[in-house]
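First up is the structure itself, then whatever we jot down about it.
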Number of protein chains: 2
Amino acid sequence: LIQVKDLYKIYQMGNVEVRALDGVSVDIESNEYISIMGPSGSGKSTLMNLIGCLDTPTSGDFFMDGVNVATMTDDELAHIRNKQIGFVFQTFNLLPKSTSLRNVELPLIYNGSIKASERKGMAISALERVGLGDRTHHKPNELSGGQRQRVAVARALVNDPAIILADEPTGNLDSKTGEEIMALFDDLHQQGNTIILVTHEEHIAAHANRVVRLLDGKISEDVLTHRA
Amino acid sequence: LIQVKDLYKIYQMGNVEVRALDGVSVDIESNEYISIMGPSGSGKSTLMNLIGCLDTPTSGDFFMDGVNVATMTDDELAHIRNKQIGFVFQTFNLLPKSTSLRNVELPLIYNGSIKASERKGMAISALERVGLGDRTHHKPNELSGGQRQRVAVARALVNDPAIILADEPTGNLDSKTGEEIMALFDDLHQQGNTIILVTHEEHIAAHANRVVRLLDGKISEDVLTHRA
Ligand SMILES: Nc1ncnc2c1ncn2[C@@H]1O[C@H](COP(=O)(O)OP(=O)(O)OP(=O)(O)O)[C@@H](O)[C@H]1O
Ligand SMILES: Nc1ncnc2c1ncn2[C@@H]1O[C@H](COP(=O)(O)OP(=O)(O)OP(=O)(O)O)[C@@H](O)[C@H]1O
Ligand SMILES: [Mg+2]
Ligand SMILES: [Mg+2]
């Protein structure tokens, strides 16, 4: 499904080189449930943004379903980003002037085949699944930090994408609410979706069955874990 | 030091009333180390913003050193916010176009008595204390999520404020980096500062010696905990 080969992401800051990714290779099959861990600054979000086709590497190859992403047209990339991948950003990236409902509807608007009346129903049900059925008309600054995070989760799931990339989806949530969100990801995995999750919390990573650890832009460990 | 009496914060959303705080009373002595916990949306950030003099309540009283904050002039409030309180925001609130160094220097610029050359040295040492001595010239979008959070911590501490209000200061940090930041707060508490910390992680709350739990805008528990 996803093949990353020798990926580098290097930033030139004046005369200093920052190697966010320093040669990363990983293969991900369909319907895997992977957690990406590692210290702050080790390259987790950088790797997620590359897999999510939101950024381009400095060098290295990245294949989706056998096709090299570097050879794809903008339309093909947009299709992957909007239809195949659901992305939960570490910084939520909600539209500040839109309500929760409008924010969650956004991926459905790009998906031209869904009628407006259907969109609203799908967005409301996604918000209910993350426990925010009573916050549909709140704008982001009228929500708590964890509520904004959950709107970002609802937006990523509303289009029922095959691959879900979630960057620290429970960082602002208390344990009970965090486990409710993880139950959603577990369900989606059971239904055949591929889940890739960045987390720094071991009990959240325990939901996955493979852990990829990054350290200073390199993979320091890639192990299958046994789920109870 | 801090006395909160019957505080309410109510938002009117059309015909729905949202009670972010629904009658909260709490007394905080000097040099206490308190963690505030509770589910997502329970009112933790709202309470922190009121204690940090960044917001005004709908009703109720709030005294700092025996003086009712509602009777203070804007200058007196600004003095408290800039000199007595260091605030780590849940959303970091860094200036996007300024480097880490400039962001951390900001509270020192308000403090008219510090020379420019001194300011730079204080800001660099604050960034070194949070492990970001090699990221002084990065702007926020050139940093990882956890690095931005640590710049926000450095900015809150640089002025050596008597009271530190930290809203989820380790939400984006791996355990090791999180513990390094907690060691900073522990040190400041040992030196006589008052620390009030919102967290959803029990092992982070364990650094404090009192836990105040919020539930639906009310205090559900307020207990002293025994630190090892
Ligand atoms: N400007 C606003 N208008 C309307 N409702 C608001 C506003 N700000 C906050 N709220 C509501 O008030 C409640 C408390 O918000 P608050 O940010 O204090 O929660 P919190 O405990 O910090 O949550 P989290 O752990 O998710 O950060 C939430 O349910 C939120 O939706
Ligand atoms: N635009 C940029 N310019 C320069 N350096 C950058 C840029 N973006 C990221 N970096 C650096 O690349 C490294 C990796 O960043 P990344 O966001 O991937 O880390 P992360 O593992 O997600 O960290 P965290 O757990 O704190 O979110 C960091 O050290 C960061 O400072
Ligand atoms: Mg990150
Ligand atoms: Mg909050």
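Quick caveat, the model's predicted, so the values are computed rather than measured. The chains referred to below are lettered A, B, ... by the order of the sequence lines, with proteins before strands, and numbering in each begins at 1.
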Begin from the C-alpha positions of His200(B) and Glu168(B) and carry the test side-chain contact (heavy atoms from CB on, under 4.5 Å) through to its verdict. CA-CA 7 Å; His200(B) 65 275; Glu168(B) 294 280 1; 2.9 Å; yes
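Put simply, CD on Glu17(B) and OG1 on Thr58(B) are 9.0 Å apart, with the number rounded to the nearest 0.5 Å.
Within 6.0 Å of CZ on Arg81(A) lie more than 12 heavy atoms contributed by other residues, nucleotides or ligands.
Residue Thr46(B) does not touch chain A at all, counting heavy-atom pairs closer than 4.5 Å. Interface residue Val18(B): only side-chain heavy atoms are found under 4.5 Å from chain A. Proximity to chain A (any heavy atom under 4.5 Å) is restricted, for Ser144(B), to the side chain, taken from C-beta onward. Glu201(A) touches chain B through its side chain: at least one heavy atom from C-beta onward sits under 4.5 Å away, while N, CA, C and O do not. Residue contact with chain A, scored on non-hydrogen atoms closer than 4.5 Å, is absent for Glu202(B). With a 4.5 angstrom heavy-atom cutoff, Thr91(A) touches chain B only via side-chain atoms.
In terms of non-hydrogen atom pairs under 4.5 Å with chain A, the most contact-rich of Gly43(B), Gly146(B), Gly131(B), Pro39(B) is Pro39(B). Ranked by heavy-atom pairs under 4.5 Å with chain B, the list Met37(A), Arg150(A), Gln149(A), Arg135(A) is led by Arg150(A). Of the residues considered (Gly14(B), Gly41(B), Gly178(B)), Gly41(B) shows the highest number of contacts with chain A, using heavy-atom pairs under 4.5 Å. Ranked by non-hydrogen atom pairs under 4.5 Å with chain B, the options Gln147(A), His138(A), Lys44(A) are led by His138(A). The greatest number of non-hydrogen atom pairs below 4.5 Å with chain B, out of Thr199(A), Leu173(A), Thr177(A), is found for Leu173(A).
Checking Asn159(A) against Tyr110(A) by side-chain atom types alone, no donor-acceptor pair falls below 3.5 Å. A side-chain donor from one of Asp167(B) and Ser45(B) sits under 3.5 Å from a side-chain acceptor of the other. Gln90(A) and Asn172(B) share a side-chain donor-acceptor pair at under 3.5 Å.
For Asn193(B) (side chain) and His189(B) (main-chain N/O), no donor-acceptor pair under 3.5 Å exists by modelled atom type. The backbone N or O of Ser100(A) lies less than 3.5 Å from no partner atom in the side chain of Lys139(A), so there is not a single donor-acceptor pair.
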